[in-house]
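Quick note: residue numbers are just sequence positions, from 1. Atoms within a ligand are numbered from 1 in the order they appear, just like the ligands themselves.
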Amino acid sequence: MIDNKELIRIAIENKKNSYSPYSNFRVSSVVLTKKGNIYKGVNIENSSFSVTLCAERSAISQAISCGEKEFEKIVIVGDSEYTNPCGVCRQFMQEFFKKETEIIIAKDENNYKVFNIDDLLPNNFSKHDLEEK
Ligand code: THU
């Protein structure tokens, strides 16, 4: 199984694919699925700013579009020291991530923090709310 260092290296290398001409802030994300496959994503900006897609949603959407909905971990790297996922991405992750899914926010391959979805989005709205209706 691919290790965290290698995943972080892949995410950092993939920052070059960021389409961020407006903010010049590159973000890259890599997900590792339960099947052991990796999918990459970058932020994709738009002249109509609100249309911008974040790297995390881009990576997760790649996996889902290829038929994979079960995730081991996600790595996030960006142009700040530790690039935290935005609120929309946290809610998006919540839909698919289990408690044990690792959310790795990395500065570099030797310096990273590991969270789960409850750390980053406590008391979240989820499919369970809809089931209780
Ligand atoms: N960005 C991400 O890709 N992921 C996040 O979770 C935070 C923000 C991107 C969106 C935009 O292209 C740039 O960072 C600056 O906000």
Atom CD of E95 with >12 non-hydrogen neighbours under 6.0 angstrom: yes
In terms of atom number and element, which parts of ligand 1 are under 4.0 angstrom from non-hydrogen atoms of [X]?
X: F25; result: 14 (O)
X: E45; result: 11 (C), 12 (O), 13 (C)
X: E56; result: 2 (C), 3 (O), 4 (N), 5 (C), 6 (O)
X: P85; result: 6 (O)

Ligand 1 contact by S20, heavy-atom criterion under 4.0 angstrom: no
Ligand 1 contact by V88, heavy-atom criterion under 4.0 angstrom: no
Spacing of N43 atom CG and R57 atom CZ [to the nearest 0.5 Å]: 10.5 Å
E72 side, atom CD; E102 side, atom CD - distance, nearest 0.5 Å: 8.0 Å
From CA spacing to verdict: side-chain contact (heavy atoms from CB on, under 4.5 Å), T101, I74: CA-CA 8 Å; T101 310; I74 185 169; 5.7 Å; no
Nearest-neighbour protein heavy atom for atom 10 (C) of ligand 1, which is reported as residue plus atom name and distance: T52 CG2, 3.9 Å
Heavy-atom nearest neighbour in the protein, as seen from atom 8 (C) of ligand 1, with distance rounded to 0.1 Å: C54 SG, 4.0 Å
4.5 Å side-chain heavy-atom contact, L32 and Y39: no
Test item: protein heavy atom less than 4.0 Å from atom 16 (O) of ligand 1: no
ILVMFWY network linking V114 to I10, side-chain heavy atoms under 4.5 angstrom: yes
For [X] and ligand 1, does the shortest N/O to N/O distance drop below 3.5 Å?
X: L53; answer: no
X: A55; answer: yes
X: T83; answer: no

Proximity to ligand 1 by part of N84, non-hydrogen separation under 4.0 Å: backbone
Among V75, V27, V42, V77, side chain to side chain contact (heavy atoms under 4.5 Å, CB included) partner for N14: V42
salt_bridge(R9, D108) N-O dist < 4.0 Å: no
Any donor-acceptor N/O pair, E45 side chain to S23 backbone, under 3.5 Å: yes
